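As structure tokens, the structure follows; a few thoughts come after it.
In listed order, ligands and their atoms are each counted from 1. Since we're looking at a predicted model, the values are computed, not measured.
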Amino acid sequence: MRNLIDITDLSVDEINDLIKVGEDIKKNKAKYAEKCKGKQLATLFFEPSTRTRLSFESAMLSLGGNTLGFSSAQSSSTVKGESIADTIRTVSSYVDIIAMRHPQEGAATIAATSTKVPVINAGDGTNRHPTQTLTDLMTIKEAKGKLSNFCIGMCGDLKYGRTVHSLVEALSRYENIKYVFISPKELKMPEEVLNILKQKNIEYTEVESIEENILNLDILYMTRVQKERFKDEKQYERLKDVYILDKEKLKNAKKDLVILHPLPRVNEIAEEIDNDPRACYFKQVENGKYIRMALILKLLNQ
Ligand code: CP
């Protein structure tokens with residue numbers, strides 16, 4: 001049984017096919033309205049979420065299926081001491097597919113080995129977030145018409161941001177992508193992720209200034225400084241507003257720059273940017289639903 005725990009669980013061809021299906025769903029919603037009739041999705045969110053949980057639920061409802069689940073560990077028997085494995089084994093008696101978010105790195109892998117129904121990793125700690133990556137890839141394809149030959153800047157909390165870890169892993173399998181990692185030294189991309197690029201001899205640079213590097217970028221992927229991952233609150237306070245993208249910083253950017261952000265944002269993109277045609281982060285939000293519909297269909301029809 002196939003799960004989606006890490007983006008590398010999908011081949012490049014499978015990712016490209018999912019994007020095609022996502023694009024078709026976006027154009028022809030009615031065609032898919034009953035594809036999952038009689039099927040049930042569980043959304044088990046041990047960590048807060050707005051987009052991922054609600055887009056999964058909206059995706060399943062728009063496919064004619066149903067959903068159940070919880071949006072906080074506090075409302076599950078986890079608070080009584082139940083293990084991830086037992087929770088998953090229990091829920092899989094009730095549903096056909098599970099999407100799970102958990103604060104512990106590797107939790108989705110434990111879940112997948114505890115059930116025969118497909119498990120989708122909706123974010124595991126600071127590790128990976130593969131369905132956000134599918135969303136990002138669909139949005140890049142929509143904006144640029146391709147998933148190759150561009151320079152992407154990733155900016156902000158590259159240490160704790162699971163979305164950028166998954167996105168690097170995915171894009172490392174496409175042709176001629178250049179990476180500029182923009183972060184303070186405390187929040188640099190982890191070695192484990194850089195090693196993916198080193199092993200493939202893919203070039204990247206690590207810098208601290210957004211202003212000095214923005215002119216080279218085709219895509220700028222902003223990220224939130226992940227307050228919930230910091231052990232030292234003073235360090236968070238010192239770093240939280242280190243990058244704020246505003247009109248002034250975009251002065252030297254390309255006219256066709258694509259600005260992405262997985263959201264939620266705090267201060268890292270000024271609201272004055274939201275109406276700039278280069279701002280694509282609310283398109284990401286919308287595409288997240290369609291690509292998750294495509295993924296549910298794929299995993300239930302295998
Ligand atoms: N992008 C993302 O994972 O958002 P949520 O935390 O709101 O699900």
| request: Could you list the residues that satisfy side-chain hydrogen bond (donor to acceptor under 3.5 Å, both in side chains) with Y179, not counting sequence neighbours? | output: none
Ignoring hydrogens and angles, write down the donor-acceptor pairs under 3.5 Å from the side chains of residues 31-42, residues two or more places apart or on other chains.
from	atom 1	to	atom 2	distance (Å)
K31	NZ	D24	OD2	2.5
Y32	OH	D24	OD2	2.5

| query | Would E14 and K298 pass as an ion pair if we require N to O under 4.0 Å? | reply | yes
| field | Contacts of D6 that satisfy salt bridge (charged side-chain N to carboxylate O under 4.0 Å, His left out) - sequence neighbours left out | value | R128
| message | Do T87 and E82 pair up side chain to side chain, a donor and an acceptor below 3.5 Å, judged on atom types alone? | response | yes
| message | Tell me whether N176 contacts the main-chain N or O of S148 through its side chain, where contact means a donor paired with an acceptor under 3.5 Å. | response | no
Could you tell me, for ligand 1, which of its N or O atoms are under 3.5 Å from any protein N or O, listing the pairs and their distances rounded to 0.1 Å?
from	atom 1	to	atom 2	distance (Å)
ligand 1	1 (N)	Q132	OE1	3.0
ligand 1	1 (N)	P262	O	2.9
ligand 1	1 (N)	L263	O	3.0
ligand 1	3 (O)	T52	OG1	3.0
ligand 1	3 (O)	R101	NH2	2.9
ligand 1	3 (O)	H129	NE2	2.9
ligand 1	4 (O)	R51	NE	3.2
ligand 1	4 (O)	L263	O	3.3
ligand 1	6 (O)	R101	NH1	2.9
ligand 1	7 (O)	T50	N	2.8
ligand 1	7 (O)	R51	N	3.0
ligand 1	7 (O)	R51	NE	3.2
ligand 1	7 (O)	R51	NH2	3.0
ligand 1	8 (O)	S49	OG	2.6
ligand 1	8 (O)	T52	N	2.9
ligand 1	8 (O)	T52	OG1	2.7
ligand 1	8 (O)	R101	NH1	3.4
ligand 1	8 (O)	R101	NH2	3.4

